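Small disclaimer: the values here were computed from a predicted structure and weren't measured.
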Amino acid sequence: MPTAHTALRGLRTVSLLALGGFSSAACTRIQVLRHSAQQRSMSDPVRKRPKPRLLARVVNALTSFSKSHTGLVCNLAFILGLTWVFLFPAVCVTTGEAKMRGTYMSENSLSAGYTPSTFGRAEIEAAHARDDLFRSIALQATSVADYNTLLTEQLEKDLKLAGLEVYTKTFDDIDGDGVNVWGILRGNRASGTESMVLATSFADISPTKGRDPSGLSFLVTFVEHLASAKWLAKDIVFLITSSSLQRSQGLGVGLHRWLEAYHASLDESILHVGRIRAGLILDMQGGNYSSLAVPLPGINGGLPNLDMFNLWAQQWGRRGAPLRSKHGTHSLILPAANANDDAFSRLFFSVQTPLAGLGDNFRLYADRATNILRFMYQLAFAPSGTHAHFLRYNIDAMTLEPTTQYDPSRTWGLPMGASRSNSGFSTVLLAQTLEDVLHSMSNLEERLHQSFYFYFLANEKNFVSIDEYIFSLGILLSPCPIIALVLMSRGQVDFVAGASFVMTAALSTVAGLFAITSVQITTDAGPLYIGAAAICVLLVLHPMLTKALRTAGRSVAELQESIRAVVLILVFFSHMSCGLLNFPLALFSALAHVPVMIANGSHALVGKVLASGALILCSPPAILAAQIALTGGDSTFSGAVEQYLTEWVTYGSIPFAFFTVVVLPLQLTTLSMLWLR
């Protein structure tokens, strides 16, 4: 055994020595080959560096082409982005479909219609009787405060008789003290941790009797009907406010105050309604209604989950207002209460006659484009209903607004069909659909989350989602970073000098904001103070800053290149950031400013005059004047400014801040750059 063990040890030693020798020889050989390859590379200039990859070569070629043809590339990019926007009503580019995307239910739990509704004409007659009672109270009242007090007492009595827990709270309204009344209906299957809100206003009581009752009487009767529901798995909060639900009269300040108190205060009467999962606001005065409007856009691009609207459209059609019937294809859900006679509808009718001979497809395109444009306008500038207050707190909500407008010749973006002879609207249909929607939302074990929160609706059957429209904004804004990179490649950009001029314009805007907050805007002279303050600061600081920079050795050309590069970068990032929150606002602003940014590099007098004129035409005052002319009505310039300011301070609406803090400083900076001497 020792002999065998010794032999094995010797064999192992010989093997290791052999392998070690082989490894040393192999390493030496590799080093020799590597040294030879390096010598050949140094002697052969062609093989000094490897060829770039295909992607790198493409990028280099595009960069060189952009430097030599900057104007062409920027114009093509702008046209491409604009073309994509115009394709929204026709095709879906991201999915490759030659049609618009159709709406669909993403949440499987939203299944309604299992139980028939017993709400009928008897309940409507009870609502009419309650309307007569409320009108008699209005005749007894000697003032608005007295009317609110008497009506509050009557509502407390009615809601307590229906089995609700009733609470009241006063708040500061626009024209005095207001009052909120709310009752909590406990669901038979509810755990007390979740709730849904039904809301309306005192102002919905019509002074005269019509075929349909007021929203206040209707909802009180409807809540009495719900008190006997066995399926209710969430609590119902019935909220009534004394403030008007119209935007021109405060947009339901009472609802805003109630939600603010719910999320911020320690008031026990508000806290024990549980987590709010959904809200439905009924804005209906008594009258004779023909259609139902369901406006969706809220504040700062806020929208309810698309499944919530899909659920309402589905049940509204199933209950008796079909989208497709023996009369043809027709839509009875309007995008706005005045949708049949607003500026967008007039635009559609103006192009309807020229398109009549081109076929139904062109008319269908114009119809959808008009609806999308209206939707984008509401989303950019104007909350379309008081449900916007709920959307600010991530509560899915909609405003239901019956309207007397009805046009049987309109299909509202749906395929062509024979017009309907009647509207098919009724308050019984409204109540039954409302019950179906509440039943479906009551079944949910979590908040809506599977469908879209960023979209545009062409009608209740077709939509444009964020994964389609956000790319168009990026392409449309791409000329700004392209031009900025080209300017930086020339080596004449001084970001300190450019940023100094931007700060000058920003200080001018701050002075304007100070003026607008210190001057009471009750006449059209108010905006003049704003503009005068901004211009005065600009006229004082601009020569001083120009002289300081010139003393530092900067030429006029270098200052212009620096300012232009900084402005282009700020335009791109500010509009893309705004587009993620409020795409239409960023799009409308980009459509006005990107062409100016592309063309304002001219040093000729004519070019400067044209660029200055274009900047003035797309300035915030000009945009506001165009908006007033577009929407019509009795609004004045000062009234519109005051309204936007109030909505910014009260509700956080960003159009005023975006145009005054972002757009106006960039425009003042660009004007300063154009006329540097």
Side-chain angles (χ1 to χ4, degrees), residues 78 81-82 84-86 88 247 251 295-304 335-336 342-344 369 371-385 388 391-392 452-457 463-466 468-478 480 509 513 567 570-597 615 617-631 635 640-641 643-667:
F78 181 81
L82 188 60
W84 197 335
V85 172
F86 280 111
F88 288 166
R247 185 189 179 205
L251 195 67
L296 297 181
I299 297 173
N300 298 337
L303 288 166
D342 63 358
F344 304 99
N371 294 338
I372 292 177
L373 183 61
R374 179 190 291 105
F375 195 93
M376 294 172 66
Y377 173 81
Q378 292 175 338
L379 201 60
F381 297 107
S384 58
L391 297 178
R392 293 181 61 216
F452 295 91
Y453 278 98
F454 299 95
Y455 54 87
F456 306 142
L457 281 178
F463 75 106
V464 182
S465 65
I466 186 173
E468 175 76 10
Y469 63 69
I470 196 64
F471 296 109
S472 62
L473 179 63
I475 295 175
L476 196 140
L477 286 169
S478 61
C480 294
T509 306
L513 292 176
V567 169
L570 291 177
V571 166
F572 177 77
F573 282 105
S574 62
H575 284 74
M576 284 301 298
S577 301
C578 179
L580 295 175
L581 179 66
N582 191 335
F583 172 84
L585 182 63
L587 177 66
F588 294 151
S589 179
L591 289 175
H593 289 92
V594 172
V596 179
M597 297 300 169
L615 283 173
L617 290 177
C618 65
S619 62
I623 293 175
L624 187 59
Q627 179 189 354
I628 295 173
L630 182 67
T631 56
S635 178
V641 172
Q643 182 178 23
Y644 277 116
L645 176 62
T646 302
E647 291 177 353
W648 177 34
V649 174
T650 307
Y651 309 129
S653 183
I654 65 171
F656 180 85
F658 179 74
F659 281 111
T660 54
V661 179
V662 177
V663 174
L664 190 57
L666 295 178
Q667 288 185 342

For this session: Start with the C-alpha gap between F375 and L303, add the side-chain angles, then the distance that decides, and say whether side-chain contact (heavy atoms from CB on, under 4.5 Å) holds.
Result: CA-CA 11 Å; F375 195 93; L303 288 166; 3.6 Å; yes
Exercise. Run the side-chain contact (heavy atoms from CB on, under 4.5 Å) check on F463 and L457 step by step: do they pass?
Worked result: CA-CA 4 Å; F463 75 106; L457 281 178; 3.7 Å; yes
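Heavy-atom minimum distance, C578 versus L585: SG-CD2, 3.9 Å. Across P584 and F456, no two heavy atoms sit closer than the pair CG-CE2, 3.9 Å. Minimum heavy-atom separation, F658 to S574: CE1-O, 4.2 Å. Between N582 and G301 the shortest heavy-atom distance is ND2-N, 3.8 Å. Here the shortest heavy-atom pairing between F659 and F381 reads CE1-CE2, 3.8 Å. Closest non-hydrogen pair, A336 versus Q378, comes out as CB-NE2, 3.5 Å.
The shortest side-chain heavy-atom distance between L296 and S384 does not fall under the 4.5 Å cut-off. Using a 4.5 Å heavy-atom cutoff, the side chains of L82 and S472 are not in contact. Within the 4.5 Å cutoff, the side chain of C480 has no heavy atoms near those of the H575 side chain.
Between F656 and W648, the two ring planes are tilted [angle within 30° to 60°]. Classification of the F583-F88 ring pair by plane angle, with boundaries at 30° and 60°, yields tilted.
To the nearest 0.5 Å, the span separating CD1 on I654 from CG on N300 amounts to 4.5 Å. Taken to the nearest 0.5 Å, the CD1 atom of I466 stands 13.5 Å off from the OH atom of Y453.
Distance alone, capped at 3.5 Å, places no donor-acceptor pair between the S653 side chain and the I299 backbone.
Among residues two or more places apart in sequence or in another chain, the ring pair (Phe, Tyr, Trp, His ring centres under 6.0 Å) test is passed with Y455 by none.
For the pairing with F78, the side chain to side chain contact (heavy atoms under 4.5 Å, CB included) check across I475, L476, L477 returns one residue only, L476.
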